[in-house]
**Student:** 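Got a structure here, written out as C-alpha cells. Questions coming.
On a predicted model such as this, the values are computed, not experimentally measured, just so you know. Just so it is clear: chains get the letters A, B, ... in the order the sequence lines come, proteins before strands, and each one is counted from 1.
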There are 2 protein chains.
Amino acid sequence: MTAWVRLMGAHAAMTRSFNADLQASSAITVTDFEALRRLAAADGGRMRRVDLAVAVGLTASGMTRLLDGLERAGAVCKEHCSSDARVTYAAITDAGRALLHAAAESHLSALAAVFSERFSPAELDQLVELLGRLPGAEEDASSCPGAAAED
Amino acid sequence: MTAWVRLMGAHAAMTRSFNADLQASSAITVTDFEALRRLAAADGGRMRRVDLAVAVGLTASGMTRLLDGLERAGAVCKEHCSSDARVTYAAITDAGRALLHAAAESHLSALAAVFSERFSPAELDQLVELLGRLPGAEEDASSCPGAAAED
DNA sequence: GGGATAAGATTGACTCCGCAACCAAACTAG
DNA sequence: CTAGTTTGGTTGCGGAGTCAATCTTATCCC
C-alpha cells in the first residue's frame, strides 16, 4: 500500500511541476506532450484515435477533447481512413512537430534531471522494469501491428 | 523518461479502476480515502488542513474542496485552534471512521491483489524505496512534530 | 440480403482540482 | 504602537478528463 501512496504523491507533485513548466514555455500539458510524442514517433506521424488514447492512458472521450485542443492550436489534424469510414486518424502537423521540438528541449532535461539526480542508471532500469509490471504501464511501442491501413 | 511515462500510465489506469470501485461501494474517491486514512491515523484524529494537504499531495485549495465534500457527507468536521485563530483542524468523525472502515475492506484487498500478484515481497520493498526518492513521495508519517497544539 | 451486435468517435453534464486573488490572523521590526 | 511580511484558509474561474448516451459504420450470422 505504501507503494501506491508514494506513486500517487510522486505523480501529483511531478505532474504539477512539469505542467507549470510546459504551460509557461509552450502552453501545453504533460498529456499533450505525451500525445504529440507518440504521434511523432508513429509510422506516418499518425495513429487511430483509440490507439493513441490507450497509449497515453486516456479514455476515448478524453482523447477527443485533448485533440480538440491540439487541433485548435494547429498541432494535429484529422485524416480519414478510406478502408473504414468509422476511423479518423490523428496526424501531427509540421507545426505540431515544431511545437514538440520546442517543448522537448526544456521538458526532457527537467525530466532527466529529476531522475538522474536520484537514481543510478542501474537503479533507473530497476524502476522502469518494476513500474512496467503495473496495469496501464507498458503501453509502449507495441500495439501498433495493423498501423499500415491506407489513407 | 520511460520511467515517467510508465508512472503516468500506471497512475491513470489504477486511479480509474480504484475510483470506480470506491465510488460504487462507498461513494468516495481514492483521494478522499487517503485523506480519511491520514486523519484516522493522526494524533487525536485531526490535522491542520495545510498539513493534510501536503500529506495527500493536494494544494490548499484542493483540500478545502475535498473537505467540503467530506463535511457534507458527515465524515469530517472542523475544529478551531484556541492558540492560533488562523488554523482550523480537519477532524474525522465516528461516521467518517465507519465510512473509512467500510471502504477499506474492499479497497485494501484490491490494492494488495494488484501488487502481490506482480511483485515478490522483496521486489515490493525495492519499488517502495525507489518511489520514495521521487519528489512528493515520502510525505509519510513524518512531518507531524508540532502536532500537539491545543483545542 | 437483412437484422442483431460490436467498434470508432463525439457530445452533454458532471467532478476534481489547480491557479490566482483575496481575507484575516500572526509575527517582526522600526 | 503601527507598518510590512508571512502563514492559514477560502473563493471565482477555468481546464482536464470521466461516464453515459448517441450516432455512424462494419461485421456476423441466419
Side-chain angles (χ1 to χ4, degrees), chain A residues 8-9 11-24 27-35 46-73 76 78-90 136 146 149, chain B residues 8-9 11-24 27-35 46-73 76 78-90 136 146 149:
Chain A
M8 284 199 295
H11 177 267
M14 295 173 74
T15 298
R16 265 205 302 277
S17 156
F18 291 144
N19 263 336
D21 291 351
L22 280 175
Q23 202 65 246
I28 62 174
T29 67
V30 301
T31 317
D32 291 331
F33 182 88
E34 186 57 18
R46 67 185 192 184
M47 292 175 75
R48 298 192 331 165
R49 299 167 89 93
V50 187
D51 296 336
L52 184 56
V54 330
V56 306
L58 290 184
T59 59
S61 78
M63 183 50 60
T64 293
R65 301 196 139 84
L66 185 148
L67 289 174
D68 280 350
L70 289 178
E71 208 176 342
R72 257 196 307 281
V76 302
K78 292 185 179 182
E79 286 184 8
H80 292 282
C81 177
S82 63
S83 65
D84 187 337
R86 289 172 303 183
V87 335
T88 52
Y89 290 96
Chain B
M8 283 199 296
H11 177 267
M14 294 173 75
T15 298
R16 263 205 302 278
S17 157
F18 291 144
N19 264 336
D21 292 350
L22 281 174
Q23 201 67 244
I28 62 176
T29 67
V30 302
T31 318
D32 292 330
F33 182 88
E34 187 56 19
R46 68 183 191 187
M47 292 175 76
R48 299 191 332 166
R49 300 168 88 93
V50 187
D51 296 336
L52 184 56
V54 328
V56 306
L58 290 184
T59 59
S61 79
M63 182 51 61
T64 294
R65 295 175 205 290
L66 185 148
L67 289 174
D68 281 350
L70 290 178
E71 208 176 342
R72 258 197 306 280
V76 302
K78 292 185 178 181
E79 286 184 9
H80 291 282
C81 177
S82 63
S83 65
D84 187 337
R86 287 172 305 182
V87 335
T88 52
Y89 290 97

**Student:** How long is the span from the OH atom in A:Tyr89 to the NZ atom in A:Lys78, to the nearest 0.5 Å?
**Tutor:** 15.0 Å
**Student:** Think A:Lys78 has a side-chain N or O under 4.0 angstrom from the OP1 or OP2 of C:dT10?
**Tutor:** yes
**Student:** Return the value, rounded to whole Å, for the distance between atom CE of B:Met47 and atom P of D:dG9.
**Tutor:** 11 Å
**Student:** Pick the closest DNA chain C nucleotide for A:Ala20 and for A:Val87 by heavy atoms, then say which residue is nearer the 5' end.
**Tutor:** A:Val87
**Student:** Dump every N/O contact between nucleotides 2-5 of chain D and the protein below 3.5 Å, one line per pair.
**Tutor:**
none

**Student:** Take the C1' atoms of the five end pairs on each side of the helix from C:dG1-D:dC30 to C:dG30-D:dC1, derive the two axes, and give their angle rounded to 10 degrees.
**Tutor:** 20°
**Student:** Within the distance-only criterion (no hydrogens, no angle test), does the side chain of B:Thr15 pair as donor or acceptor with the backbone N or O of B:His11 below 3.5 angstrom?
**Tutor:** yes
**Student:** For the backbone of A:Phe18 and the side chain of A:Asp21, can you confirm whether one donor and one acceptor N or O come within less than 3.5 Å of each other?
**Tutor:** no
**Student:** Could you pull out all residues at least two apart from A:Asp84 that satisfy side-chain hydrogen bond (donor to acceptor under 3.5 Å, both in side chains)?
**Tutor:** A:Arg86
**Student:** Roughly how many Å is it from CG in B:Leu22 to P in D:dT18, rounded to a whole number?
**Tutor:** 17 Å
**Student:** Rounded to whole Å, how long is the line connecting atom CG of B:Leu52 with atom P of D:dT10?
**Tutor:** 12 Å
**Student:** What is the separation between atom CG on B:Asp21 and atom P on D:dT18, rounded to the nearest whole Å?
**Tutor:** 16 Å
**Student:** Which whole-number value in Å describes the distance from B:Asn19 CG to D:dG17 C1'?
**Tutor:** 12 Å
**Student:** Can you tell me how far the CZ atom of A:Arg46 sits from the OG1 atom of A:Thr88, to the nearest 0.5 Å?
**Tutor:** 11.0 Å
**Student:** Which of these, B:Ile28, B:Thr31, B:Val30, sits in a side-chain contact (heavy atoms from CB on, under 4.5 Å) with B:Asn19?
**Tutor:** B:Val30
**Student:** Could you say whether B:Leu67 or A:Ile28 is positioned toward the 5' end of DNA chain D, judged by the nucleotide with the nearest heavy atom to each?
**Tutor:** B:Leu67
**Student:** Specify the separation, in whole Å, of atom CZ of B:Arg48 and atom P of D:dT10.
**Tutor:** 13 Å
**Student:** D:dT24 base to A:Arg86 side chain: any donor-acceptor pair below 3.5 Å?
**Tutor:** no
**Student:** Once you round it to whole Å, what is the distance between C1' of D:dG8 and CZ of B:Arg49?
**Tutor:** 10 Å
**Student:** Taking the side chain as every heavy atom from C-beta outward, state whether A:Leu22 and A:Thr29 have any pair of such atoms under 4.5 Å apart.
**Tutor:** no
**Student:** For B:Phe33, check ring-ring contact (aromatic ring centres under 6.0 Å, His included) against everything at least two apart and list the hits.
**Tutor:** B:His107
**Student:** Once you round it to whole Å, what is the distance between C1' of D:dT6 and CG of B:Asp84?
**Tutor:** 12 Å
**Student:** Mind listing the side-chain donor-acceptor pairs of residues 55-65 of chain B below 3.5 Å, one per line with the distance, residues two or more places apart or on another chain?
**Tutor:**
residue, atom, partner, partner atom, Å
B:Thr59, OG1, B:Gly62, N, 3.3
B:Thr64, OG1, B:Ala60, O, 3.3

**Student:** Go along nucleotides 11-18 of chain C 5' to 3' and tag each nucleotide: B for a protein heavy atom under 4.0 Å from its base, S when only backbone or sugar atoms are that close, - otherwise.
**Tutor:** BBB--SBB
